Amino acid sequence: GLFCCLVDHLLSSSWKVCMDGNQPLCLYRNCITLDQRGTPEIVSLVDRFSYIEVHVREASSEVCREIRGHVLHGIKSACSVLKYHDVQLDDAFLCAGIRCTSHPPHVAVVTSREQVYKWKCSIRGDQIGDLNKDQLMWLPECSLGESVIRKQNVPTMADLMNDVAVMVPAKWRYVGIQLNVPHKDLDNIQSQVAGMPDSNVEAFRQTLDKWSTLDPHKFAWSTIIGALETLSVGENDLAGKLRTKYMI
């Protein structure tokens, strides 16, 4: 179901089935080849038991990251439609560990250690290595020489205000609930801003400020984008723009 929902999400936006004359180039239950309208890139998606493969013909790092963003957004949208909760999504590549050759094909999950991208075998946890340039092309922009991760997933309060609060000020309470800000704190905020000019924007600011103190590991663009995509908030267009801007 998830793969079908992902494909449906992509086809409902700027993607279409890649054709060879009058026939689809590749259109099966677990495999499909798509292209994005107005671009030359051809993308093949393959549904495996525990992961989805994404194959792209020669493309720049910018294009790879954009495709990654579209697919991640589509998977999260599919999870929402299917009411899957607490789903963890990981970047991964087919494992090429030296001691993994006897196993069937499996993935190595991308992790970060001391602010450096690493891969870790999903079968043998002691198999860890550096990503190569072709793999780094898919990940949020970093220094290819040192693989230092940019802290772009961590928002500043100014960016949160400019890119979220002033865009959907009336949704401050709904967003706060999704960010797990306690109801009593939201009630206090509502009382404090009553009668203020731009009270919703101020309420949003205080809500974001409270959120930033709750759990530093969840103070991230990915968290608030996820909140915007929930059914109760329903700001999928804004969330998509933020994913593109911050490459989440």
Side-chain angles (χ1 to χ4, degrees), residues 1-7 9-10 30-31 43-56 59 61 63-100 103-144 147-155 215-230 239-240 242-244 246-248:
L2 189 143
F3 186 73
C4 292
C5 286
L6 166 62
V7 171
H9 173 86
L10 294 174
N30 68 332
C31 182
V43 180
S44 294
L45 303 177
V46 183
D47 183 20
R48 301 297 186 183
F49 179 72
S50 60
Y51 59 91
I52 294 174
E53 290 182 10
V54 183
H55 299 268
V56 183
S61 58
V63 169
C64 288
R65 289 168 188 149
E66 181 181 356
I67 292 170
R68 170 184 175 272
H70 283 295
V71 173
L72 280 175
H73 187 202
I75 292 174
K76 291 181 179 182
S77 175
C79 288
S80 177
V81 170
L82 297 171
K83 301 188 185 306
Y84 294 165
H85 303 293
D86 300 322
V87 176
Q88 177 179 338
L89 301 178
D90 294 308
D91 289 299
F93 299 95
L94 288 178
C95 187
I98 295 174
R99 297 196 295 274
C100 292
H103 292 287
H106 58 280
V107 299
V109 177
V110 176
T111 63
S112 60
R113 299 179 60 185
E114 299 176 353
Q115 295 188 331
V116 176
Y117 281 132
K118 297 283 187 179
W119 59 260
K120 182 177 181 180
C121 176
S122 59
I123 293 179
R124 298 180 61 106
D126 60 338
Q127 288 279 285
I128 299 173
D130 295 318
L131 275 64
N132 60 40
K133 277 192 173 184
D134 290 338
Q135 293 167 333
L136 287 169
M137 287 174 63
W138 288 88
L139 301 172
E141 190 174 336
C142 61
S143 170
L144 295 183
S147 300
V148 177
I149 302 173
R150 286 178 54 185
K151 296 293 189 178
Q152 63 194 107
N153 193 32
V154 179
D215 186 343
H217 298 292
K218 293 184 178 180
F219 184 67
W221 277 115
S222 54
T223 305
I224 196 163
I225 289 172
L228 292 170
E229 290 172 337
T230 58
L242 293 175
R243 287 190 182 283
T244 299
Y246 294 101
M247 292 189 291
I248 301 304

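The shown structure was predicted, so the numbers you read here are calculated from the model rather than taken from an experiment.
From Leu10, atom CG reaches atom SG of Cys5 across 11.5 Å, with rounding to the nearest 0.5 Å. Here the straight-line distance linking atom CD1 of Ile52 with atom CD1 of Ile75 works out to 4.5 Å at 0.5 Å rounding. Of the inter-residue distances, the one linking Met137 atom CE with Ile67 atom CD1 reads 9.5 Å to the nearest 0.5 angstrom. Atom CG in Leu82 sits 9.5 Å away from atom SG in Cys4 (nearest 0.5 Å). The distance from atom NE2 of His106 to atom CD1 of Ile123, rounded to the nearest 0.5 Å, is 4.0 Å. Between atom NE2 of residue His85 and atom OG of residue Ser80 there is a gap of 8.5 Å, rounded to the nearest 0.5 Å.
Put simply, the side chain of Asn132 gets close to the backbone of Asp134: a donor and an acceptor are under 3.5 Å apart.
Between Thr223 and Lys218, the shortest heavy-atom contact is OG1-O, 2.7 Å. Residues Leu45 and Leu6 come closest through the heavy atom pair CD1-CD2, 4.3 Å. Pairing each heavy atom of Ala108 with each of Trp119, the nearest pair is CB-CE3, 3.6 Å. Nearest approach of His55 to Val46, heavy atoms of both residues: CD2-CG2, 4.1 Å.
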Open item on the list: With side chain to side chain contact (heavy atoms under 4.5 Å, CB included) as the criterion, how do Cys95 and Val107 come out once you've worked through the C-alpha distance, each side chain's angles and the decisive distance to 0.1 Å?
Closed with: CA-CA 5 Å; Cys95 187; Val107 299; 6.0 Å; no
TODO: Report the C-alpha distance between Val109 and Tyr51 in whole Å, list the side-chain angles of each, state the deciding distance to 0.1 Å, and finish with yes or no for side chain to side chain contact (heavy atoms under 4.5 Å, CB included).
DONE: CA-CA 11 Å; Val109 177; Tyr51 59 91; over 6 Å; no
TODO: Check the pair Asp47, Leu2 against side chain to side chain contact (heavy atoms under 4.5 Å, CB included), reporting the backbone distance first and the verdict last.
DONE: CA-CA 9 Å; Asp47 183 20; Leu2 189 143; over 6 Å; no
- [ ] Starting from the C-alpha separation in whole Å, work towards a yes-or-no answer on side chain to side chain contact (heavy atoms under 4.5 Å, CB included) for Val56 and Trp138.
- [x] CA-CA 11 Å; Val56 183; Trp138 288 88; 3.2 Å; yes
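Ring to ring, His73 and His9 are close: their centroids are under 6.0 angstrom apart.
Applying the ring pair (Phe, Tyr, Trp, His ring centres under 6.0 Å) criterion to Phe3, with sequence neighbours excluded, gives no partner residue.
Using a 4.5 Å heavy-atom threshold, the side chains of Lys76 and Leu89 count as touching. A heavy-atom distance below 4.5 Å is not found between the side chains of Val110 and Asp90.
Taking 4.0 Å as the cut-off between side-chain N and carboxylate O, Glu53 and Arg48 count as a salt-bridged pair. Ion pairing of Arg243 with Glu229 is present here, as a side-chain N (NZ or NE/NH1/NH2) and a carboxylate O approach within less than 4.0 Å.
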